[in-house]
Amino acid sequence: MAGRACGVAVCAVLTIGGLGGCGTVAEREDDVRDAAAAFEAALSEGAYDRMCAALAPGTVEELEQSAGGPCARALRAESPEPGGAVRRTDVYGNQARAVLSSDTLFLSHFTSGWKVVAAGCEQRPREPYQCRIKGG
């Protein structure tokens, strides 16, 4: 999975912005911050099952297909590095970006809450983010 670019749809939505969603902007940003922090806490603790639960369904599916096994095993093999504290969140409708100390996460809102769509993302000049973990 290393070296993959984040999906065009995710990057386009984050660039253009969207409408919709429930709650105030501040509430939505808090929810994104909480989801990103929970994902990072699970990563720091090596709690791969909790990390998988924090991932979007398409991301779990992509990990499992690529690894030929369960999500937790795929994450363990991927060995993602913790990204640190959440420094900033940007929410665009049902899409969001959480900028951490040393990582960027992309999230989408589902009926069950905010889920991580892509992690281990690096910004590249005039190109989409390149993400180590992402959905299809």
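Within the structure, the salt bridge (charged side-chain N to carboxylate O under 4.0 Å, His left out) test picks out no pair touching residues 102-120 (sequence neighbours left out). The disulfide (SG to SG under 2.5 Å) contacts involving residues 57-117 comprise C52-C71, where partners must be two or more places apart or lie in separate chains.
For the 3.5 Å distance criterion, the side chains of Y129 and R97 qualify, holding a donor opposite an acceptor. Side chains of S108 and Q95: a donor on one and an acceptor on the other come within 3.5 Å.
The distance from the CG atom of L75 to the CG atom of L55 is 6.0 Å, given to the nearest 0.5 Å. In this structure, L107 CG and W114 CH2 are separated by 7.0 Å, a value rounded to the nearest 0.5 Å. For the atom pair CE (M51) and OG1 (T59), the distance works out to 11.5 Å, reported to the nearest 0.5 Å.
Residues satisfying the side chain to side chain contact (heavy atoms under 4.5 Å, CB included) test with S101, not counting sequence neighbours, are A85, R87.
A donor-acceptor contact shorter than 3.5 Å links the side chain of E40 to the backbone of G83. R124 places a side-chain N or O within donor-acceptor distance of the main-chain N or O of P128, the cut-off being under 3.5 Å. Although no hydrogens or angles enter the test, the distance criterion places a donor-acceptor pair under 3.5 Å between the side chain of S79 and the main chain of R76. A donor-acceptor pair under 3.5 Å is absent between the side-chain atoms of T104 and the main chain of E122, judged by distance alone. Between the R50 side chain and the F39 main chain, no donor and acceptor come within less than 3.5 Å of each other.
Under a 4.0 Å N-O distance rule, the pair R88/D90 qualifies as a salt bridge. Ion pair R73/E64 not flagged as a salt bridge, since none of the NZ, NE, NH1 or NH2 atoms sits closer than 4.0 Å to an Asp/Glu carboxylate oxygen. A salt bridge does not link E62 with K134: none of the charged nitrogens is closer than 4.0 Å to a carboxylate oxygen.
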